[in-house]
Amino acid sequence: MGGILVAGILLVIGIIFGSRNERRHFDRIEQAEEELSDIKIFNIKTLPDNLEKGGALVTGNVVIAVDYFKVFIAGFIMLFGGRMSAYEKMMERARREALVRMQREAKKIGADAIYNTRIEFSAVGQRPNKIGGAELLAYGTAVRFS
Amino acid sequence: MTDIIVTNLETVPGRQIIKHLGIVQGNTVRAKHVGRDIMAGLKNIVGGELRGYTELLTDAREEATQRMMGEAIEKGANAVVNVRFSTSSITAGASELYAYGTAVVVE
């Protein structure tokens with residue numbers, strides 16, 4: 001009985017704060033993307049000719065988890081299969097945040113663009129029957145136009 | 001340590017590679033401490049970023065990169081090109097961060 005009550009409370013907290021956090025995070029990401037839009041991201045290796053000498057590796061990473069309520073819902077969806085939009089959102093959030101952080105690092109060293117960008121995923125803190133967080137890492141080479 | 005160029009391109013922009021010195025690598029295996037795990041567990045209820053883990057992985061990756069750069073310097077390189085990162089979880093509580101690239105001498 002106590003267990004159910006605790007689970008119920010956690011679900012309610014998850015619903016309220018989880019979706020609020022998510023919305024705010026998306027707002028923050030959009031704002032940051034706007035701010036950093038002068039640093040272009042490419043995932044090609046071919047460089048233009050007008051580059052200054054040298055380059056630097058820049059990275060950005062983030063570990064993100066979904067809230068308790070969404071894990072609960074996901075448990076149901078897994079019975080029948082289908083689209084798990086909660087996890088789609090989580091991955092989108094993490095990927096965009098990682099890119100933004102990479103751009104921020106590039107801006108700090110005064111770069112104009114990032115080439116050969118790669119995005120990598122790894123699962124973090126997973127226990128066998130519980131879905132943990134996801135780490136998204138974005139990295140690339142920051143260069144300066146001459 | 002600071003004047004070595006690290007890039008994940010196959011060349012260093014604007015410079016010619018004179019000599020290839022072979023692969024250099026660096027790794028580190030990190031476990032999260034219990035306090036962080038508990039905090040992350042709490043954060044898991046509301047979702048969002050698990051900042052403790054983000055920092056941990058950033059530090060670990062930095063260390064792996066430093067080791068790779070150290071090896072490159074030992075070989076007499078002044079740049080590391082085509083750097084790749086990879087992460088693998090060894091057990092539920094620990095992950096390995098691995099960085100590797102090719103040490104080269106550029107003009």
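Looking at A/L10, both its backbone and its side chain come within 4.5 Å of chain B, counting heavy atoms on both sides. Using a 4.5 Å cut-off between heavy atoms, A/R101 touches chain B through its side chain atoms alone. Using a 4.5 Å cut-off between heavy atoms, A/T59 touches chain B through its side chain atoms alone. Heavy atoms of A/E22 lying under 4.5 Å from chain B are absent altogether.
Using a 4.0 Å cut-off between charged nitrogen and carboxylate oxygen, A/K107 and A/E35 do not count as a salt-bridge pair. Between B/E71 and B/R67, none of the side-chain N atoms (NZ, or NE/NH1/NH2) sits under 4.0 Å from a carboxylate O, so this pair counts as no salt bridge. Taking a cutoff of 4.0 Å between a charged side-chain nitrogen and a carboxylate oxygen, A/E97 and A/R93 do not qualify as a salt bridge. Checked for salt-bridge contact, A/R24 and A/D27 miss the test: no charged N lies under 4.0 Å from a carboxylate O.
Counting heavy-atom pairs closer than 4.5 Å to chain A, the top residue among B/V12, B/T65, B/T58 is B/T58. Contact tally against chain B (heavy-atom pairs below 4.5 Å) for A/A56, A/G140, A/A142, A/S146: the top residue is A/G140. Of the listed residues (B/V83, B/L57, B/T11, B/V80), the one with the most heavy-atom contacts under 4.5 Å to chain A is B/L57. The greatest number of non-hydrogen atom pairs below 4.5 Å with chain B, out of A/N21, A/L137, A/V58, is found for A/L137. If you tally non-hydrogen atom pairs under 4.5 Å between each of A/G55, A/A94, A/G54, A/S122 and chain B, the highest count goes to A/G54.
Of all residues in residues 99-107 of chain B, none places a non-hydrogen atom less than 4.5 angstrom from a non-hydrogen atom of chain A.
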Using the rule given for ring-ring contact (aromatic ring centres under 6.0 Å, His included), can you reason through A/F72 versus A/Y68, listing the C-alpha separation, both sets of side-chain angles and the distance that settles it, and then say yes or no? CA-CA 6 Å; A/F72 184 76; A/Y68 194 79; 7.3 Å; no

